[in-house]
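Predicted model only: the values in this text are computed from it and were never measured. Index from 1, following the sequence.
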Amino acid sequence: MSLKTAVIKFVRAEDGSITADWVVLSASVVGLGMAVLAAVTPGIGSLTTDIDTSMSEQVVVPAEPSSETAFDFSNGFASWGTAITSYTDPLISDALGPFYDQSGEEVLSNTFAFEPGTEFAVVEFDMTAIGKMERHDDFRVFVNGEMLDATSIRDGRIDGTLVNDHEAGRVAYQFMDHERISDDAAIQQRIETANTTAENGATTGRDALRSNVDRQSTYRMQVVVRNPTPETRIGFGRGGDSPYPGEGWSIDNMTVTPVDIMPEVPGP
């Protein structure tokens, strides 16, 4: 058999050593991989350098903090200051108050910081009035020690939205609920509390009446201060001339927000 015939026969043969075939194929793949690696390695190094340079030059800007300050008073009075005692109540908890007074003075206050040029400071909160407040009983709002508004609660007869507009700001009451209390134990506890409040301002030494504590009205209030100062003090109190102690008030679920546009009056 000639050499040419032997070669042709070998090429056309379908059987042989699988080990020899695998070695040849593996070598081919490895060689191809080395060729590709040699081609892309310079580019990878350059790209890595570019990414490192770009990331090192980035300036991370922190997220803007919320401009709204919120209070739910579940952990106490926070930064609020009081001129009189706040008492525990069987029906009201995790709130500022209740306070029993009718001095007409600012008895609860806090100071808030605003950026110069702030157009409006908006204070929104729930106010609960305890007892049958008469026409001469009013809830008072103070700004920087000056009374902004005094509104008679009138035993929950504000049954919609009441808006009082002033040069320095606006105060709105949105009626939420009026409740007659049927829990005699709670009423008795309130009467006992009212009778022991030295600062209640009652004009005589009479004991509190059931009607002074057996009902409560809740309002969502909005106080808008025009052009607040960089440090603006917001305060509250109650005026009245009842001969009986009792008829308190409390505050809860408050937010304080600086805005540039006069907000809408709260409504249903």
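- Here the OG1 atom belonging to Thr118 is positioned 9.5 Å from the CG atom belonging to Asn227, to the nearest 0.5 angstrom.
- Once rounded to the nearest 0.5 Å, the distance linking CZ of Phe71 with CZ of Phe77 reads 12.5 Å.
- Between Leu148 and Phe142, the closest side-chain pair of non-hydrogen atoms is not below 4.5 Å.
- No side-chain heavy atom of Ile261 sits less than 4.5 Å from a side-chain heavy atom of Glu119.
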What's the verdict on side chain to side chain contact (heavy atoms under 4.5 Å, CB included) for Ser86 and Thr82, showing C-alpha distance, side-chain angles and the deciding distance? CA-CA 8 Å; Ser86 170; Thr82 61; 5.6 Å; no

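- Here the closest non-hydrogen pair linking Arg215 and Arg190 is O-NH1, 4.2 Å.
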Dump the intermediate steps for side chain to side chain donor-acceptor pair (under 3.5 Å) on Asp138 and Ser152, then the final yes or no. CA-CA 4 Å; Asp138 53 52; Ser152 175; over 6 Å; no

Go through it in stages, so that I can follow the logic: the residues are Leu108 and Ile251, the test is side chain to side chain contact (heavy atoms under 4.5 Å, CB included), and I'd like the CA-CA distance, side-chain angles, deciding distance and then a yes or no. CA-CA 10 Å; Leu108 174 70; Ile251 286 176; 4.1 Å; yes

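- Side chains of Thr193 and Asn195 form no contact here, defined as non-hydrogen atoms less than 4.5 Å apart.
- Remark: side-chain polar atoms of Asn212 are paired, donor with acceptor, to backbone N or O of Leu209 under 3.5 angstrom.
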Audit row: Arg180, Gln216, side chain to side chain donor-acceptor pair (under 3.5 Å) steps and yes/no: CA-CA 7 Å; Arg180 291 293 296 266; Gln216 59 192 43; over 6 Å; no

Using the rule given for side chain to side chain contact (heavy atoms under 4.5 Å, CB included), can you reason through Val143 versus Glu146, listing the C-alpha separation, both sets of side-chain angles and the distance that settles it, and then say yes or no? CA-CA 5 Å; Val143 177; Glu146 300 292 330; 5.9 Å; no

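- Taking 4.5 Å as the limit, every side-chain heavy atom of Pro258 sits out of range of all side-chain heavy atoms of Phe112.
- With respect to Arg226 and Asp165, a salt bridge is recorded, a charged nitrogen being found less than 4.0 Å from a carboxylate O.
- In terms of heavy-atom proximity, Arg210 sits nearest to Asp184 at NH2-OD1, 2.9 Å.
- For the atom pair Ser250 OG and Tyr100 OH, the distance stands at 9.0 Å (nearest 0.5 Å).
- Looking only at side-chain heavy atoms (C-beta outward), Phe120 and Met262 come within less than 4.5 Å of each other.
- Within the 4.5 Å cutoff, side-chain heavy atoms of Thr161 are placed close to those of Val265.
- Aromatic rings from Phe125 and Phe236 are positioned such that their centres are separated by under 6.0 Å.
- Residues Thr232 and Ile234 form a side-chain contact, since some pair of their non-hydrogen atoms from C-beta on lies under 4.5 Å apart.
- In this structure, a donor-acceptor pair under 3.5 Å is absent between the side chains of Asp94 and Ser74.
- In terms of heavy atoms, Val213 sits closest to Ile181 at O-CG1, 4.5 Å.
- Interatomic distance, Thr218 OG1 to Tyr173 OH, rounded to the nearest 0.5 Å: 13.0 Å.
- In this structure, Ser217 OG and Asp177 CG are separated by 8.0 Å, a value rounded to the nearest 0.5 Å.
- Checked by atom type and distance alone, the side chain of Asp252 never pairs as donor or acceptor with a backbone atom of Asp126 at under 3.5 Å.
- The minimum heavy-atom distance between Phe114 and Pro228, with the atom names listed, is CD1-CB, 3.9 Å.
- When all heavy atoms of Phe99 and Thr85 are compared, the closest pair comes out as CD2-O, 3.6 Å.
- Put simply, the residue from Ile130, Asp137, Ile92, Asp101 that forms a side-chain contact (heavy atoms from CB on, under 4.5 Å) with Trp249 is Asp101.
- The shortest distance between side-chain heavy atoms of Phe139 and Met127 falls below 4.5 Å.
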Run the numbers on Gln174 and Met221 for side chain to side chain contact (heavy atoms under 4.5 Å, CB included), then give the verdict. CA-CA 6 Å; Gln174 179 194 350; Met221 289 189 61; over 6 Å; no

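- Judged by distance alone, with hydrogens and angles left aside, the side-chain atoms of Gln222 form a donor-acceptor pair with the main-chain N or O of Glu264 at under 3.5 Å.
- At a threshold of 4.0 Å, the pair Arg140-Glu105 does not count as salt-bridged, since none of the basic side-chain nitrogens sits closer than that to a carboxylate oxygen.
- Proximity of a side-chain donor or acceptor of Arg238 to a complementary backbone N or O of Glu247 within less than 3.5 Å is detected.
- With Thr229 contributing its side chain and Glu231 its backbone, the two residues share a donor-acceptor pair below 3.5 Å.
- The cluster map of Ile, Leu, Val, Met, Phe, Trp and Tyr, joined by side-chain heavy atoms under 4.5 Å apart, puts Met147 and Ile84 in different clusters.
- Cluster membership for Met254 and Val122, using ILVMFWY side-chain heavy atoms within less than 4.5 angstrom, is not shared.
- Listed here is the closest heavy atom pair of Pro263 and Val224: CG-CG2, 3.8 Å.
- With values rounded to the nearest 0.5 angstrom, Ile191 atom CD1 is found 8.0 Å from Asp214 atom CG.
- Follow the hydrophobic side-chain contacts under 4.5 Å out from Val223 and you reach Phe175 in the same cluster.
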